[in-house]
Trainee: 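The structure is given below, and queries will be raised subsequently.
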Amino acid sequence: MMRTRPLKVALLGCGVVGSEVTRIMTTHADDLAARIGAPVELAGIAVRRPDKVREGVPAELITTDATALVKRGDIDVVIEVIGGIEPARKLITTAFEHGASVVSANKALVAADGAALHAAAEEHGADLYYEAAVAGAIPLVRPLRESLAGDKVNRVLGIVNGTTNFILDKMDTSGAGYSEALDEATALGYAEADPTADVEGFDAAAKAAILAGIAFHTRVTIDDVHREGITEVTAADIASAKRMGCTVKLLAICERAAHGESVTARVHPAMIPLTHPLASVREAYNAVFVESDAAGQLMFYGPGAGGSPTASAVLGDLVAVCRNKLSEATGPGESAYTQLPVSPMGEVVTRYHISLDVADKPGVLAQVAMVFAEHGVSIDTVRQQGKDGEASLVVVTHRAADAALSSTVEALRKLDTVRGVASIMRVEGE
C-alpha cells in the first residue's frame, strides 16, 4: 500500500545535471512514486544565480540559501550536484545532522573525504549514496558494494573519463595532434573551457580512489592515486602504438597485490592491444573491467558523463535511499575492514614502451641494452631506424617495476650516444 505523505527532496545545484534531475522527477513522478512506495516532492532548489533562466524549473522552489534549505526539519533526502569541496562538505554534514540522507555526484569530495562523510552519515543514521560520482549512467558502485559483496575483487581496469577518451580516439582515427583534438572536444561540449581536471587526470584519479576503496574494502583517497594526464601524448606515440597493434587510452587501474597485503591505484596513458575490448571504446564513452575470484571478468560500458546519464544514476540512488527511509533502515555504508596500505608507484610492475633519439652509429644498441641489463629490466623487442647520423630506437620491455624503469631511463640520459628520451609509455591489457 502506497504512503500518501510525500518524501521531501532538496536539490543543491541546478546546472546541467540538476536541471535534468528536476525534469525527470517532474515528468516521471508517478513512476517514481510507484517504485518507491510513496510520492517524492521537490521541496527546494538551492542555486548561486537565481536570475538565470532554467526551463522547466519551478521558480517558486529556487533559493540562494542552501544552508537554510538543508536545515529544514522536513527534508528527507538532499541531492548534491554542486561539486567541489566546500561548501558541499559542510552542506552534506549539516543535512545529516538534521535527519536527511544524501545522494551526491561529487567525485572530488568523496575521493578526498569519503571516510569522514560515511562516519557522519552513520552517526546520524543516514544514507550516503554516490553512484553518479564514478561513471555517469554506468552502474559501478552498487555492483561493487552489493552484487560482488560476497566475492573477492582483484582488479578494476577501465576508461572513466569521456573527455580524454574522445581526444585520444580522435588522435588515433584522424591523425590529429593533441591540441587539434582538444579543440574539437571543446567545440562539441565534451571538454570544459578549462579542461585541466580531465586532461591532467584529476577527474579519473578521484574515480579511481572511490573504486579502489569500495573494491578492496580499504580507505583510498585521491592523494594515494598516482596520476598522469594526456597532455604529453603525441601523434608519434599514437603512431608507435599502431605499429605495435595497439591504441592509447587513459586508464584507471586499481589492483590488489599478488601477495594480497597491499593495493595500488593509478591513472595514466597506456598502450593496449587492439584485441582488448577497451581498445574499441570510442568517442566519449566509458568502460570498466572488474576482475574477481568467483565472477571472473565483468565489463561495464556506457556514457560516463552528461546531464541525462548522470541524472539517471542520481535518480537510481534517490529511489534506493527513499525506500530505505520508508523501511526506517539504511543501506551499505563504508567497508574498510581490510585496512590495506596503498603501495607507491615505484613498486608497480608493468611493461614499457620507450622511444629514444640516438646517434646512428655502431655500438649504440649494445650500449642501450647494457644499461637495461644493469638495472634488471629485460627487453622484449627493439626497433631501430637511422638516417643522416641520427636514429630512433624503440624499446619494449618485459614487465618491470616502475622504480627500476625510472633508474634505467636516468642512466640512459647520461649516455653520449643518447640524444634524448622522446617518450615513455606503459603497455597494459596483456
Side-chain angles (χ1 to χ4, degrees), residues 167-168 170-182 199-201 226-251 266 268-274 279 344-430:
I167 293 170
L168 292 172
K170 289 303 172 184
M171 292 176 69
D172 181 76
T173 57
S174 71
Y178 167 78
S179 296
E180 292 82 2
L182 173 59
V199 300
E200 294 292 358
H226 174 82
R227 175 190 55 79
E228 299 173 31
I230 66 167
T231 55
E232 301 300 318
V233 177
T234 66
D237 293 326
I238 302 293
S240 291
K242 284 186 174 182
R243 283 192 290 269
M244 289 178 57
C246 294
T247 189
V248 177
K249 299 291 186 182
L250 183 73
L251 298 180
R266 50 196 165 103
H268 54 70
M271 296 180 179
I272 59 173
L274 294 176
M345 187 62 190
E347 297 179 10
V348 172
V349 176
T350 188
R351 297 179 67 205
Y352 293 86
H353 175 282
I354 305 104
S355 180
L356 304 171
D357 294 326
V358 299
D360 186 16
K361 62 182 185 180
V364 173
L365 180 55
Q367 285 184 322
V368 169
M370 181 62 70
V371 170
F372 276 90
E374 288 173 348
H375 290 81
V377 179
S378 177
I379 294 175
D380 183 15
T381 63
V382 177
R383 186 177 69 254
Q384 184 174 7
Q385 292 179 322
K387 185 179 180 181
D388 299 329
E390 297 296 327
S392 64
L393 193 64
V394 176
V395 178
V396 179
T397 74
H398 287 290
R399 293 175 64 83
D402 188 82
L405 194 282
S406 296
S407 63
T408 303
V409 171
E410 288 305 308
L412 289 170
R413 294 181 193 276
K414 296 176 183 178
L415 292 178
D416 293 338
T417 51
V418 175
R419 310 296 192 218
V421 179
S423 70
I424 304 171
M425 190 170 294
R426 296 172 182 86
V427 182
E428 299 281 353
E430 293 183 319

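Counting begins at 1 with the first residue of the sequence.
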Trainee: Show every salt bridge (Lys or Arg N to Asp or Glu O under 4.0 Å) that has at least one partner inside residues 344-355, sequence neighbours left out.
Mentor: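 Only R351-D380, R351-E430 qualify under salt bridge (Lys or Arg N to Asp or Glu O under 4.0 Å).
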Trainee: Under 3.5 Å, which donor-acceptor pairs link side chains of residues 229-236 to any protein atom two or more places apart or in another chain?
Mentor:
unit_1 : atom_1 : unit_2 : atom_2 : d
T234   : OG1    : A236   : N      : 3.3
T234   : OG1    : D237   : N      : 3.1
T234   : OG1    : D237   : OD2    : 3.2

Trainee: How long is the span from the CD atom in E228 to the CG atom in L251, to the nearest 0.5 Å?
Mentor: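 It comes to 11.5 Å.
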Trainee: If I compare all heavy atoms of A176 with all of E180, which pair ends up nearest, and what's the gap?
Mentor: CB-CB, 4.1 Å
Trainee: Sequence neighbours excluded, which residues qualify as side-chain hydrogen bond (donor to acceptor under 3.5 Å, both in side chains) partners of H375?
Mentor: none
Trainee: Suppose we screen for side-chain hydrogen bond (donor to acceptor under 3.5 Å, both in side chains). Which residues come up paired with S355, at least two apart in sequence or across chains?
Mentor: none
Trainee: Does V364 have any side chain to side chain contact (heavy atoms under 4.5 Å, CB included) partners at least two apart in sequence or in another chain, and if so, which?
Mentor: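 V364 satisfies side chain to side chain contact (heavy atoms under 4.5 Å, CB included) with V358, K361, V368, T417 once adjacent residues are dropped.
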Trainee: How long is the straight-line distance from CE of M244 back to CG of L274, given to the nearest 0.5 Å?
Mentor: 10.5 Å
Trainee: Could you tell me which residues satisfy side chain to side chain contact (heavy atoms under 4.5 Å, CB included) with V421, sequence neighbours excluded, listed by chain and number?
Mentor: I354, L356, V409, R413, I424
Trainee: Return the CG to CG distance between D357 and L393, rounded to the nearest 0.5 Å.
Mentor: 10.0 Å
Trainee: For the atom pair CG (L168) and OG1 (T173), what is the distance rounded to the nearest 0.5 Å?
Mentor: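 Here the rounded value is 10.5 Å.
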Trainee: Give me the atom names and distance for the closest heavy-atom approach of P269 to L250.
Mentor: N-CD1, 3.6 Å
Trainee: Would you name the heavy atoms of H398 and I379 that are closest together and state the gap between them?
Mentor: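 Nearest pair, atom of H398 first, then I379: CD2-O, 3.5 Å.
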Trainee: Determine the minimum heavy-atom distance between M171 and A181, stating which atoms define it.
Mentor: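 Reported closest heavy-atom pair: CG-CB, 3.8 Å.
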Trainee: Considering residues at least two apart in sequence or located in another chain, which fulfil the side chain to side chain contact (heavy atoms under 4.5 Å, CB included) criterion with A400?
Mentor: V377
Trainee: Could you check if a side-chain atom of I272 sits within less than 4.5 angstrom of a side-chain atom of C246, using non-hydrogen atoms only?
Mentor: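 Of all side-chain heavy-atom pairs linking C246 with I272, none is under 4.5 Å.
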Trainee: When rounded to the nearest 0.5 angstrom, what distance separates OG in S240 from CD1 in I238?
Mentor: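 Those atoms lie 9.5 Å apart.
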Trainee: Any side-chain heavy atom of V396 sitting closer than 4.5 Å to one from R383?
Mentor: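 Not touching, per the 4.5 Å side-chain cut-off.
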Trainee: With sequence neighbours excluded, what pairs up with T350 under the side chain to side chain contact (heavy atoms under 4.5 Å, CB included) test?
Mentor: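 Per chain and number, T350 pairs via side chain to side chain contact (heavy atoms under 4.5 Å, CB included) with Y352, R426, E428.
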